[in-house]
Amino acid sequence: MQKNYFLSLLCFALCSSTLFAANLVPIPTQIKVDEKKVALGKKLFADPILSKDKTFSCMTCHNLQTNGADTVAFTKGVTGEQGLFNVPTVYNAVYNFRQFWDGHVKNLQEQAIEPITNPVEMANSLGTVLEDLKRSKTYSALFEALYEDGITKDNLAEVLAEFEKTLITPNSSFDKYLRGDMKALNEHEIEGYRLFKTMGCISCHNGVNIGGNLYNKFGIYQNAKSEELGRYNITHREEDKYVFKVPSLRNVALTAPYMHDGRAKTLEAAVNIMTQYQLGHPMDKEDLHRIVDFLNTLTGELPEIVKDMRVEGQ
Ligand code: HEC
Ligand code: HEC
């Protein structure tokens with residue numbers, strides 16, 4: 001008797017904690033930021049001054065007019081050399097628990113300098129960037145108005161990150177539904193949401209970003225034949241081979257191709273890959289289409305702040 005009682009208590013604790021973890025939460029409609037830092041970060045985000053040959057801005061790979069990413073499996077950097085990972089969107093990245101596919105940096109601020117010095121992205125050196133910015137009267141004045149120490153690596157990272165915080169996309173149909181507008185989703189989409197929960201997608205894709213808050217192995221039931229080792233490169237632990245940050249599914253209808261290597265061109269293909277590698281059981285076509293219908297409801301509104309931003313040369 002007592003043993004049963006203990007077991008049910010244990011189950012209650014475990015089950016309720018899983019349920020709690022598997023919550024989907026709407027994106028807040030506002031986020032607190034320092035407007036002056038945001039304005040400077042915005043200018044820098046779209047300015048090719050950050051790249052080695054002054055041809056690439058952050059916008060070149062993270063097009064804020066469309067999806068905060070690009071549309072190819074792998075992007076070439078300023079040297080023409082190809083990167084190793086599919087570009088993730090910067091939209092809602094502020095809500096990811098770590099940044100990058102392998103989560104090797106903690107937050108947007110730590111992330112911001114890496115693309116500038118990454119040889120397959122902007123291929124610049126930190127020294128050159130800081131010198132170029134200091135040589136610009138406009139940037140010198142703007143930084144000095146905000147910081148006593150003017151242009152530094154940390155201040156540059158801070159303003160870029162502050163701008164990126166504003167890149168949130170609230171009010172998707174699904175968020176409206178979560179907030180109580182039962183008409184925001186049609187029957188197919190509601191059925192897709194139900195399947196997303198019952199099939200177990202929600203065990204990995206959950207929280208405010210419907211992903212972006214935990215790591216998981218890509219290829220649980222079958223080897224996913226990934227060339228990248230993921231977290232293993234950082235921890236060197238056998239169990240971290242092929243472990244990646246579970247990506248956010250926010251705006252996923254806009255961010256094809258999918259997976260860290262861009263192997264899936266469509267949402268149908270991406271969901272198929274998930275059922276095969278992550279769930280280990282097939283899904284009938286009808287159910288797959290319902291899940292895709294649901295994923296299509298996760299597209300939010302682009303923020304006002306990006307309306308006048310353009311990619312160089314477009
Ligand atoms: C040449 C293309 C390119 C340029 C230019 C570029 N990025 Fe990226 N960005 C990428 C790729 C590829 C990744 C994924 C790399 C990885 O996970 O290892 C990425 C990842 C990110 C992430 C992490 C998102 C997530 O969900 O993990 C953020 C944030 C980001 N970039 C911001 C920036 C900023 C800020 C700039 C400008 C200073 C910039 N990027 C310039 C290609 C680019
Ligand atoms: C056990 C954890 C787990 C489960 C369950 C799971 N996923 Fe994933 N999902 C991941 C991981 C990890 C990735 C990234 C894989 C990679 O590229 O390395 C991913 C990637 C995706 C992508 C691609 C996103 C992008 O931007 O590239 C989509 C779409 C997706 N999952 C949808 C689903 C759906 C729908 C289900 C349920 C049918 C599901 N996932 C079940 C862990 C999971």
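Ligands are counted one by one from 1 in listed order, and the atoms in each one are counted from 1 as well. These numbers come from a predicted model, not from an experiment.
Each of the atoms 23 (C), 25 (C), 26 (O), 27 (O) of ligand 2 lies under 4.0 Å from some heavy atom of Tyr258. Counting atoms of ligand 1 from 1 in the listed order, those under 4.0 Å from a heavy atom of Met122 are 5 (C). Residue Ile220 approaches ligand 2 through these ligand atoms, each under 4.0 Å from one of its heavy atoms: 1 (C).
At the top of the distance list for atom 13 (C) of ligand 2, counting protein heavy atoms only, stands Pro247 CD, 3.2 Å. Looking at atom 18 (O) of ligand 1, its nearest protein heavy atom turns out to be Phe85 CD1, 3.3 Å. Annotation: atom 17 (O) of ligand 1 to nearest protein heavy atom, Trp101 N, 2.9 Å. The single protein non-hydrogen atom nearest to atom 16 (C) of ligand 1 is Phe100 CD2, 3.3 Å, given as residue, atom name and distance.
Of all the heavy atoms of Leu249, the ones lying under 4.0 Å from any atom of ligand 2 belong exclusively to the side chain. If you look at Arg98 next to ligand 1, there are no close heavy atoms at all, none under 4.0 Å. Residue-level proximity to ligand 2 for Asn86 is absent, since no heavy atom of it falls below 4.0 angstrom. Only the side chain of Leu108 comes within 4.0 Å of ligand 1, judged by heavy-atom distances.
In this structure, Phe74 falls outside the shell of residues with a heavy atom less than 4.0 angstrom from ligand 1. Under the 4.0 angstrom criterion for non-hydrogen atoms, Met283 is in contact with ligand 2. The shortest separation from a heavy atom of Gly83 to ligand 1 is not under 4.0 Å, leaving the residue out of contact. Within the 4.0 Å heavy-atom shell around ligand 1 one does not find His104. Contact between Ser57 and ligand 1 is present, with at least one heavy atom of the residue lying under 4.0 Å from the ligand.
Between Ala73 and Asp261, the closest heavy-atom pair is CB-O, 3.9 Å.
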Pair Phe218-Tyr242, ring pair (Phe, Tyr, Trp, His ring centres under 6.0 Å): steps then yes or no:
CA-CA 6 Å; Phe218 182 37; Tyr242 313 115; 8.8 Å; no
Evaluate the criterion side-chain contact (heavy atoms from CB on, under 4.5 Å) for residue pair Gln65 and Val311; output intermediate values, then yes/no.
CA-CA 8 Å; Gln65 287 300 327; Val311 181; 5.9 Å; no
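Checked against a 3.5 angstrom limit, the closest N/O atoms of His62 and ligand 1 fall inside it. For ligand 2, the polar-atom distance check finds an N/O of His205 within less than 3.5 Å of one of the ligand's N/O atoms. Among the atoms of Gln111, some N or O lies under 3.5 angstrom from an N or O of ligand 1. Annotation: Met259 places an N or O atom under 3.5 Å from an N or O atom of ligand 2; distance criterion only. Residue Glu164 has no N or O atom closer than 3.5 Å to an N or O atom of ligand 1.
In this structure a side-chain-to-backbone donor-acceptor pair under 3.5 Å is present from Trp101 to Asn86. At least one donor-acceptor pair closer than 3.5 Å links the side chain of Gln278 to the backbone N or O of Gly219. For Asn171 (side chain) and Thr29 (main-chain N/O), no donor-acceptor pair under 3.5 Å exists by modelled atom type.
Using a 3.5 Å distance cut-off with no hydrogens or angles, the side chains of Tyr177 and Glu189 do not pair a donor with an acceptor. In this structure, a donor-acceptor pair under 3.5 Å is present between the side chains of Asp47 and Tyr139.
By heavy-atom distance, the residue among Asn96, Leu160, Asn107 lying nearest atom 26 (O) of ligand 1 is Asn96. Between atom 23 (C) of ligand 1 and the options His260, Gln99, Glu121, the minimum heavy-atom separation is to Gln99.
Using a 4.0 Å cut-off between a side-chain N of Lys or Arg and a carboxylate O of Asp or Glu, Asp70 and Lys76 do not qualify as a salt bridge. Between Glu162 and Lys165 a salt bridge is recorded (basic side-chain N to carboxylate O distance below 4.0 Å). Between Arg290 and Asp293 there is a salt bridge, since at least one side-chain N of the basic residue sits less than 4.0 Å from a carboxylate O of the acidic one.
Note that the NE2 atom of His289 and the CD atom of Glu191 stand 14.0 Å from one another [nearest 0.5 Å].
Atom 8 (Fe) of ligand 1 lies at 2.8 Å or more from every N, O or S atom belonging to Cys58. Distances from atom 8 (Fe) of ligand 2 show that Gln278 has no N/O/S atom below 2.8 Å.
Each of Val208, Asn209, Leu167 was checked for a side-chain contact (heavy atoms from CB on, under 4.5 Å) with Asn92, and the lone residue meeting it is Asn209.
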